[in-house]
Number of protein chains: 2
Amino acid sequence: MINKSTEILKNSGLSVTAGRKSILDLFIASGNALAHQDIESGCSEQFDRVTIYRTLQTFLDKGIIHSIPATDSIIRYALCNETCTTTGHHHDNHIHFRCEQCSKTLCLDEVSIPIVKLPDGYMMHEINMVVTGICKSCR
Amino acid sequence: MINKSTEILKNSGLSVTAGRKSILDLFIASGNALAHQDIESGCSEQFDRVTIYRTLQTFLDKGIIHSIPATDSIIRYALCNETCTTTGHHHDNHIHFRCEQCSKTLCLDEVSIPIVKLPDGYMMHEINMVVTGICKSCR
DNA sequence: ACAACTTTTGCAACAAAGTTGCATTCTTGA
DNA sequence: TCAAGAATGCAACTTTGTTGCAAAAGTTGT
Ligand SMILES: [Mn+2]
Ligand SMILES: [Mn+2]
Ligand SMILES: [Zn+2]
Ligand SMILES: [Zn+2]
């Protein structure tokens, strides 16, 4: 296995293509969550918009990345931890932080989502918690 | 004050127009959160798409409605509780539930968002918590 | 290293969602 | 009732997301 992106792709049973490697490298290099647009403009090589949509969907399905909800209708994505990749089911249990200053969205892996008790009759599947505010580097 | 929607508009210092009343009535009548599209198709009268965008933005600014993040890039909106309207700053502290069966998004006003401690250096402003699963009426 | 097979990609053509400027219409308060 | 200001509808446009299909690239076994 030559490098990390190749390794992740092979472990997920995906064929290794320039586009997938490139996009994955971008995720690995970047410290924050990426939106479709970030990827389109941030990739070393240029890839078709459609390819990026399809790649992101594939990565989601395989548990390589997870999506982060937001109120600006821009979905951002970040690398999952190992367990998601291996099980094909998302197990990210951390909160996300969106900085109102620098607009970066971060995974706060060290802050886990607290347990909430739903009213009777509700069945919980996934939880998402997004905090907005000012990040460490913007203070 | 003739009815509730008029009252809310006046209290927020907004002029009372057919569109605003209609949209607000829809929110009041509906038990769940509404997306732009729901409003466009659900209003008694037909209003221009642009008017609906602008109205939603105005309602957000005035603290009449709040937006609910989701990972499907469709933002949904729901009525705020009184405190938002009066202060112009959102104070909704409840979690949101999105049913994977009926696709309805609900405000669970009775379930408040638990407190989380952020790492040093982070300043919190707003918290959003969205739970997905199966709702009471879909079991 | 090659061929056969499978998968991925790019392109084109759409559809849906969101934005902006401007003229017209509606609200409001004097 | 009327003037001033605010909201609306329309047109034109940008951005975002989807689908089908042919060409290109990746994979597997020899
Ligand atoms: Mn994350
Ligand atoms: Mn709510
Ligand atoms: Zn920041
Ligand atoms: Zn349901």
Side-chain angles (χ1 to χ4, degrees), chain A residues 1-3 5-26 33-62 64-65 67-77 103 105, chain B residues 1-3 5-26 33-62 64-65 67-77 103 105:
Chain A
M1 306 259 179
I2 300 136
N3 56 20
S5 50
T6 305
E7 188 186 330
I8 293 174
L9 290 171
K10 292 212 166 177
N11 284 345
S12 304
L14 293 173
S15 47
V16 180
T17 67
R20 286 175 179 170
K21 269 176 63 62
S22 225
I23 293 173
L24 205 38
D25 283 337
L26 197 62
L34 300 173
H36 179 274
Q37 182 55 57
D38 300 326
I39 295 165
E40 201 173 328
S41 57
C43 263
S44 43
E45 249 178 288
Q46 190 80 5
F47 296 100
D48 194 83
R49 248 155 28 84
V50 180
T51 301
I52 296 171
Y53 282 117
R54 290 195 272 225
T55 302
L56 288 173
Q57 188 55 57
T58 303
F59 285 1
L60 274 180
D61 293 343
K62 293 294 182 175
I64 297 173
I65 58 174
S67 58
I68 303 167
T71 43
D72 63 355
S73 82
I74 296 176
I75 303 176
R76 292 172 184 81
Y77 304 88
S103 306
T105 299
Chain B
M1 305 258 178
I2 300 136
N3 56 21
S5 49
T6 305
E7 188 187 331
I8 294 174
L9 290 171
K10 293 212 167 176
N11 284 344
S12 305
L14 293 174
S15 47
V16 180
T17 67
R20 287 176 178 169
K21 268 178 61 62
S22 223
I23 293 173
L24 204 37
D25 282 338
L26 196 62
L34 300 174
H36 178 275
Q37 181 55 57
D38 300 325
I39 295 165
E40 200 173 329
S41 57
C43 263
S44 43
E45 249 179 288
Q46 190 79 7
F47 296 101
D48 194 82
R49 247 154 31 81
V50 180
T51 302
I52 297 172
Y53 282 118
R54 291 194 271 225
T55 303
L56 288 173
Q57 188 54 58
T58 304
F59 286 1
L60 273 180
D61 293 344
K62 293 292 182 177
I64 297 173
I65 58 174
S67 58
I68 302 166
T71 45
D72 63 354
S73 81
I74 297 175
I75 304 177
R76 292 173 184 79
Y77 305 88
S103 307
T105 299

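Order of the sequence lines fixes the chain letters, A, B, ..., with proteins taken first and strands second; residue numbering starts at 1 for each chain. All values below come from the heavy atoms of this structure, side chains included, with hydrogens, waters and symmetry mates left out.
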Quiz item: Does anyone know the first and last nucleotide of DNA chain C in reach of chain B, 5' to 3', at under 4.0 angstrom to a heavy atom?
Solution: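 Span of nucleotides near chain B: dA17(C) to dT28(C).
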Which heavy atom in [X] sits nearest to a heavy atom in [Y], and how many Å separate them?
X        : Y        : result
Glu45(A) : Ala18(A) : OE1-CB, 4.0 Å
Leu60(B) : Ser67(B) : CD2-N, 3.8 Å
Asp38(B) : Ala33(B) : OD2-O, 4.3 Å
Gly42(A) : Leu26(A) : O-CD1, 3.4 Å
Ser5(B)  : Asp25(B) : OG-OD1, 2.9 Å

Heteroatom pairs (N/O) under 3.5 angstrom, protein to nucleotides 6-9 of chain D:
residue : atom : partner  : partner atom : Å
dA7(D)  : OP1  : Arg20(B) : NH1          : 3.2
dA7(D)  : OP1  : Arg20(B) : NH2          : 2.7
dA7(D)  : O5'  : Arg20(B) : NH2          : 3.4
dT8(D)  : OP1  : Thr17(B) : OG1          : 2.8
dG9(D)  : OP2  : Asp48(B) : N            : 3.4
dG9(D)  : OP2  : Thr51(B) : OG1          : 2.6
dG9(D)  : N7   : Arg54(B) : NH2          : 3.0
dG9(D)  : O6   : Arg54(B) : NH2          : 2.6

Rounded distance (Å) that lies between atom [atom2] of [N] and atom [atom1] of [X]:
X        : N       : atom1 : atom2 : result
Ile75(B) : dT16(D) : CD1   : P     : 13 Å
Glu40(B) : dC10(D) : CD    : P     : 12 Å
Gln57(A) : dT19(D) : CD    : C1'   : 14 Å
Ile52(A) : dT18(D) : CD1   : P     : 14 Å

Hey, are the side chains of [X] and [Y] touching, using non-hydrogen atoms and a 4.5 Å cut-off?
X        : Y        : answer
Ile39(B) : Phe47(B) : no
Leu34(B) : Ile65(B) : no
Arg20(B) : Thr58(B) : yes
Glu40(B) : Gln37(B) : yes
Phe59(B) : Leu9(B)  : yes

Considering only distance and modelled atom types, tabulate donor-acceptor pairs under 3.5 Å from the side chains of residues 49-57 of chain B, sequence neighbours left out.
residue  : atom : partner  : partner atom : Å
Thr55(B) : OG1  : Thr51(B) : O            : 2.7
Gln57(B) : NE2  : Asp61(B) : OD1          : 2.9

Practice problem: Hey, which sits more toward the 5' end of DNA chain D by its nearest nucleotide, Val16(A) or Arg49(B)? | Solution: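 Nearest nucleotide further toward 5': that of Arg49(B).
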Quiz item: For the helix from dA1(C)-dT30(D) to dA30(C)-dT1(D), what is the angle between the axes at its two ends, each from 5 pairs, rounded to 10°?
Solution: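 Between the first-five-pair axis and the last-five-pair axis there is 50°.
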Exercise. Kindly write out the residues that satisfy side chain to side chain donor-acceptor pair (under 3.5 Å) with Ser73(B), not counting sequence neighbours, or none if the list is empty.
Key: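 Residues passing side chain to side chain donor-acceptor pair (under 3.5 Å) with Ser73(B): none at all.
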Quiz item: Nearest 0.5 Å, what's the OG1-CD1 distance between Thr105(A) and Ile75(A)?
Solution: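 Between Thr105(A) OG1 and Ile75(A) CD1, I get 12.0 Å after rounding to 0.5 Å.
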Where do N or O atoms of nucleotides 28-30 of chain D meet protein N or O atoms at under 3.5 Å, pair by pair?
none

